[in-house]
Amino acid sequence: MRDEPLAEELAEQVRQLRAELRRVLTPSEVIEFAALAQADRGAATARMREFIELAPEEGSCYQVLAISLASTGAAEEALTVVEEGLAVAEQDRAPVEALARRLRIMLLRPRAAAALDAFKTGGYEQALAELRRLEPRWRGLPVARDLDDYLAELAATGRLAAPKVPFDRAEDLYSLIAEHEASIALTLLNEGRMEQAEPLLTAALGYVPLFPWMNFLYALCLYLRGGDTVRSSRAVEIALRDPTIAQAAELRQAIMAQREAQLINPLVLRFNAILEHVPAEGHTAESLGQMAQRLRALGEEVPGLHQRMLTSAGEATLERLSEAVRTNLADVLELMEFAQLSEEFGQIMSQARGVPSSRLRDRLTALDGKVRRRARDADVGRKHFDDLTGAIRQAMAAVGEQDLVVRFNALFEGRPPDRWRLSQELDAIASEIPGLRSSANPETVRRLDDLDQAIRRIKRQIS
């Protein structure tokens with residue numbers, strides 16, 4: 001009834017009935033074809049042809065049959081099948097059209113090999129002449145006509161440019177020219193042989209610079225090798241022009257992250273190298289000053305990288321590095337101040353011999369004030385400042401103990417004072433012992449205890 005002259009309403013009902021029959025029968029026919037083809041491909045092919053005669057509107061059947069034929073080497077027969085299908089199919093035409101394009105390219109490529117070889121070496125006029133020697137059947141293919149126009153333009157200008165055809169036809173043209181190289185490169189990449197894939201891809205891009213798939217492979221190769229992110233970025237941008245390359249956007253993100261890492265990692269390594277030489281103890285103020293200078297220089301380089309960041313993750317990493325530099329610089333400056341105060345304390349003590357005790361005590365008191373004020377604002381170095389304060393107090397206690405001993409000995413030099421005055425002087429010396437004892441080191445405490453006991457003995461004797 002499909003070919004019968006029917007009234008419009010009845011014809012529409014026939015079309016609906018046929019569509020429903022195809023919906024029910026086609027899946028089972030495809031499954032049966034696949035099962036039968038494993039045992040008897042000829043019988044499976046005959047059965048599918050019979051079904052196509054019954055349901056010529058079903059594009060998927062032409063596709064299944066053509067793929068089966070192509071897999072056995074019968075590519076020309078497969079092309080005939082899909083072209084017949086495109087003439088009558090109403091359902092699932094897009095996959096059939098795509099398969100027809102692929103088969104035409106596959107069949108044309110070996111026939112146009114001489115023309116393609118001449119094109120790849122820049123011999124555009126020779127390539128055009130070779131192409132025009134093909135049989136009319138092959139020269140008449142859409143992709144062959146596009147190649148003819150492309151070669152004619154290149155021969156006229158002598159300059160490689162993008163083909164002036166719609167995107168899908170440009171993709172077919174690129175596939176015809178360089179699909180073989182792309183397949184080899186993909187195999188090399190899958191085998192992890194990037195160093196061999198890169199020169200092959202570089203050479204291919206010399207004659208198909210705007211082929212999205214080739215650019216994707218090239219960008220992937222450079223990314224896997226950890227190479228030039230500027231070149232890989234340019235390549236992946238071209239790959240993004242083809243919406244069918246689903247992984248292009250993901251690769252672009254990975255390349256941007258790699259590019260940012262190449263900018264940030266050297267600074268991170270320098271930062272870590274600086275920190276490795278900042279122990280808690282054992283550094284002079286001068287060496288800490290040098291480290292602070294290196295941290296400042298590093299910190300000054302960070303802001304310039306912000307404008308070169310491409311992702312929010314890169315911005316965040318750079319901000320964390322900047323904060324780490326600021327924090328550690330503050331710590332180093334704090335340690336440097338501690339080292340300066342420690343060195344000042346060391347100088348005071350090394351010059352103590354021969355210095356009047358009052359002057360020595362004044363210098364220690366002034367230093368103690370500076371250390372205590374700095375300790376209030378200290379962060380990581382708070383314990384160091386507290387320890388230095390304790391050492392200064394011990395030194396002050398030792399100076400005080402020496403003064404008391406001098407005063408005690410002076411009471412018995414020459415003519416001793418009367419008992420009442422001696423008792424008063426001894427009480428005055430004894431009253432200062434507890435204050436010194438609270439901050440003295442063990443050796444000074446022992447001497448203060450000896451002095452206190454001596455005073456007590458004398459007091460008992462004179463009372």
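- Counted by atom type alone, Thr45 and Arg49 present zero donor-acceptor pairs between their side chains at under 3.5 Å.
- Residues Phe271 and Asn328 are in side-chain contact: their nearest non-hydrogen atoms beyond the backbone lie under 4.5 Å apart.
- Using a 3.5 Å distance cut-off with no hydrogens or angles, the side chains of Asn441 and Thr444 do pair a donor with an acceptor.
- Counted within 6.0 Å of CD on Glu443, heavy atoms from surrounding residues, nucleotides or ligands total more than 12; the atom is thus considered enclosed.
- Using a 4.5 Å heavy-atom threshold, the side chains of Gln63 and Val82 count as separate.
- A donor-acceptor pair under 3.5 Å links the side-chain atoms of Asn215 to the main chain of Pro209, judged by distance alone.
- Once rounded to the nearest 0.5 Å, the distance linking CZ of Arg132 with CG of Asp148 reads 4.5 Å.
- To the nearest 0.5 Å, atoms CD (Gln196) and CG (Leu188) are separated by 6.0 Å.
- For the pair Leu86 and Arg93, the minimum side-chain heavy-atom distance is below 4.5 Å.
- Proximity of Leu321 to Val325: side-chain heavy atoms (C-beta onward) are separated by under 4.5 Å at one or more points.
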Show, in sequence, the C-alpha distance, side-chain angles and deciding distance for Trp213 and Thr244, and conclude whether the side chain to side chain contact (heavy atoms under 4.5 Å, CB included) test is met. CA-CA 10 Å; Trp213 177 239; Thr244 66; over 6 Å; no

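- What you find for Leu69 and Val81 is that their closest heavy atoms are CD1-CG2, 3.7 Å.
- Checking side-chain atoms of Ser183 against main-chain N and O of Glu179 turns up a donor-acceptor pair under 3.5 Å.
- With respect to the salt-bridge test (charged N to carboxylate O, under 4.0 angstrom), the residues Arg111 and Glu76 qualify.
- Between Arg231 and Tyr218, the closest heavy-atom pair is NH1-OH, 2.6 Å.
- Applying the side-chain hydrogen bond (donor to acceptor under 3.5 Å, both in side chains) test to Glu198 and every residue at least two apart in sequence or in another chain returns Arg225.
- Glu301 meets the salt bridge (charged side-chain N to carboxylate O under 4.0 Å, His left out) test with Arg270; sequence neighbours excluded.
- A salt bridge links Glu319 and Arg326; the closest N-O separation between the charged side-chain nitrogens and carboxylate oxygens is under 4.0 Å.
- Using a 4.0 Å cut-off between charged nitrogen and carboxylate oxygen, Glu237 and Arg234 do not count as a salt-bridge pair.
- One finds the CG atom of Leu189 at 7.0 Å from the CE atom of Met194 (value rounded to the nearest 0.5 Å).
- In this structure, the separation between CG on Asp242 and CD on Glu171 is 4.5 Å, given to the nearest 0.5 Å.
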Could you walk me through whether Leu210 and Arg241 pass the side chain to side chain contact (heavy atoms under 4.5 Å, CB included) check? CA-CA 9 Å; Leu210 298 178; Arg241 297 175 188 176; 3.7 Å; yes

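- With a 6.0 Å radius and a threshold of 12 heavy atoms from other residues, nucleotides or ligands, Glu8 has its CD atom at or below the threshold.
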Start with the C-alpha distance between Cys61 and Glu29, add both sets of side-chain angles, then the distance that settles side chain to side chain contact (heavy atoms under 4.5 Å, CB included), and finish with yes or no. CA-CA 9 Å; Cys61 295; Glu29 283 298 320; 5.8 Å; no

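- Here the closest heavy-atom approach between residue Ser232 and residue Leu222 is recorded as N-CD1, 3.6 Å.
- Under the side-chain contact (heavy atoms from CB on, under 4.5 Å) rule, Tyr223 has a single partner from Thr229, Val236, Ile255, which is Ile255.
- The distance from atom CG of Leu108 to atom OG of Ser175, rounded to the nearest 0.5 Å, is 12.0 Å.
- Checked by atom type and distance alone, the side chain of Arg104 never pairs as donor or acceptor with a backbone atom of Leu79 at under 3.5 Å.
- Side-chain contact between Pro163 and Arg169 is absent, with no heavy-atom pair separated by less than 4.5 Å.
- Across Ala249 and Leu240, no two heavy atoms sit closer than the pair N-CD2, 3.5 Å.
- Residues forming a salt bridge (charged side-chain N to carboxylate O under 4.0 Å, His left out) with Arg15 (at least two apart in sequence, or on another chain): Glu12.
- No side-chain heavy atom of Glu260 sits under 4.5 Å from any side-chain heavy atom of Glu315.
- Judged by distance alone, the side chain of Lys120 and the main-chain N or O of Ile177 form a donor-acceptor pair under 3.5 Å.
- Of all non-hydrogen atoms in Arg18 and Leu54, the two that sit nearest each other are NH2-O, 2.7 Å.
- Here the side chain of Tyr150 pairs a donor or acceptor atom with the backbone of Ala161 at under 3.5 angstrom.
- Side chains of Ile184 and Leu200 form a contact here, defined as non-hydrogen atoms less than 4.5 Å apart.
- Below 30°, between 30° and 60°, or above 60°: for Phe119 and Tyr207 the angle between ring planes is above 60°, a perpendicular geometry.
- Annotation: Glu323, atom CD; neighbour count of heavy atoms from other residues, nucleotides and ligands within 6.0 Å is above 12.
- Under the rule for a side chain to side chain contact (heavy atoms under 4.5 Å, CB included), the partners of Ala44 that lie at least two apart in sequence or sit in another chain are Phe33, Leu36, Ala37.
- Applying the salt bridge (charged side-chain N to carboxylate O under 4.0 Å, His left out) criterion to Arg296, with sequence neighbours excluded, gives no partner residue.
- Between Met214 and Leu201 the shortest side-chain heavy-atom distance falls below 4.5 Å.
- Side-chain atoms of Thr327 never come within 3.5 Å of backbone atoms of Ala324 as a donor-acceptor pair (strictly under, hydrogens ignored).
- Residue pairs satisfying the salt bridge (charged side-chain N to carboxylate O under 4.0 Å, His left out) criterion with at least one member in residues 158-168, sequence neighbours excluded, are listed as follows: Glu153-Lys164.
- Atom CD of Glu250 has 12 or fewer neighbouring heavy atoms from other residues, nucleotides or ligands inside a 6.0 Å radius.
- Heavy atoms only, all atoms of each residue included: Pro56 and Tyr62 are closest at O-OH, 3.0 Å.
- Under the 4.0 Å criterion applied to side-chain N and carboxylate O atoms, Glu191 and Arg193 are assigned as salt-bridge partners.
- Atom CZ in Arg139 sits 7.5 Å away from atom CG in Leu134 (nearest 0.5 Å).
- Salt bridge Arg23/Glu20: present, at least one basic N to carboxylate O contact under 4.0 Å.
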Stepwise, does the side chain to side chain contact (heavy atoms under 4.5 Å, CB included) test hold for Ile52 with Glu58? CA-CA 7 Å; Ile52 288 175; Glu58 191 61 45; over 6 Å; no

